[in-house]
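Residue indices begin at 1 and follow the sequence shown. When reading the values below, keep in mind they use all heavy atoms of this one structure, side chains included, and skip hydrogens, waters and symmetry mates.
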Amino acid sequence: SLPRLLYPFGSIRRVVCGPARGSRFVVEPGIGLTYAFGTDDAVPRHFQTRVRPGMTVYDVGANKGQMMLYFARLVGERGRVVSLEPAPAEFASLRRNCALNGLEARVRLLQVAAADRIEVDRRAQGQ
């Protein structure tokens, strides 16, 4: 297909429009053409009115880093983004996309899951 010819998996591209314009990313399933063109599906615009320079934003379930790139732009040089992603493959993509944009100083990456409570699976404990 034409999108895959223009955005082959593994290639490095830039976001061409939208709030994360100019950010670089690795094209993979789930982050490609729609992200590059800043569609509302890829980047919800309502964050533009809520996230301000200097804020700290928690990106829970950061996946491959689409929102991390967007939040880093919105919080600016004085802000901070804390991105949480437990899945190893997605975390590796998140780390690559953070490094591609030189955001290590203001983005903290954590390979963890988040929940509002701890549930113990009694079957896994043999009870």
Side-chain angles (χ1 to χ4, degrees):
S1 70
L2 183 60
R4 197 56 47 231
L5 289 172
L6 298 173
Y7 287 83
F9 291 139
S11 63
I12 297 173
R13 296 291 188 260
R14 287 193 183 271
V15 177
V16 295
C17 60
R21 184 179 181 176
S23 297
R24 296 168 36 173
F25 65 96
V26 177
V27 178
E28 299 181 51
I31 181 169
L33 187 66
T34 57
Y35 185 69
F37 284 94
T39 66
D40 285 337
D41 291 340
V43 182
R45 304 278 188 245
H46 69 269
F47 288 115
Q48 285 179 301
T49 61
R50 291 175 176 83
V51 178
R52 297 281 178 234
M55 286 180 138
T56 296
V57 174
Y58 288 84
D59 181 12
V60 179
N63 200 289
K64 295 173 169 95
Q66 298 95 315
M67 295 304 295
M68 176 264 307
L69 295 173
Y70 179 47
F71 289 146
R73 180 71 50 95
L74 293 176
V75 300
E77 294 292 327
R78 294 178 294 118
R80 187 143 172 101
V81 178
V82 179
S83 293
L84 289 68
E85 176 53 54
E90 283 71 20
F91 188 78
S93 296
L94 176 67
R95 180 176 280 145
R96 272 192 307 274
N97 289 323
C98 183
L100 274 173
N101 292 280
L103 297 173
E104 296 92 344
R106 65 181 142 143
V107 175
R108 179 145 188 225
L109 304 177
L110 300 172
Q111 190 174 356
V112 298
D116 65 345
R117 63 181 175 264
I118 297 173
E119 292 189 24
V120 177
D121 185 349
R122 302 265 183 231
R123 294 171 294 172
Q125 294 180 338
Q127 297 179 358

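- Within the 4.5 Å cutoff, no side-chain heavy atoms of Val60 are placed close to those of Met67.
- Taking all atoms of both residues into account, the shortest heavy-atom contact from Val81 to Ala72 is CG2-N, 3.6 Å.
- Hydrophobic clustering keeps Tyr58 apart from Met55 (ILVMFWY residues linked when any side-chain heavy atoms are closer than 4.5 Å, directly or through intermediates).
- Between Leu109 and Cys98 there is a side-chain heavy-atom pair separated by less than 4.5 Å.
- The side-chain contact (heavy atoms from CB on, under 4.5 Å) search around Gln111 returns Pro88, Phe91, not counting sequence neighbours.
- Counting heavy atoms from C-beta outward, Glu85 and Asn63 have side chains that approach closer than 4.5 Å.
- Residue Val26 is found in a hydrophobic cluster whose other members, listed by chain and number, are Ile12, Leu100; membership requires side-chain heavy atoms under 4.5 Å apart, directly or through intermediates.
- Between Phe71 and Arg106, every side-chain heavy-atom pair lies at or beyond the 4.5 Å cut-off.
- By the rule that hydrophobic residues join a cluster once side-chain heavy atoms approach within less than 4.5 Å of another member, Leu94 and Phe47 end up as members of one cluster.
- Taking every heavy atom of both residues into account, Lys64 and Ile31 meet most closely at CD-CG2, 3.7 Å.
- By the 30° and 60° cut-offs, the orientation of the rings of Phe25 relative to Tyr7 is parallel.
- Residues passing the salt bridge (Lys or Arg N to Asp or Glu O under 4.0 Å) test with Arg96 are Glu28, sequence neighbours excluded.
- Residues Leu74 and Val57 have side chains not in contact (no heavy-atom distance under 4.5 Å, counting atoms from C-beta outward).
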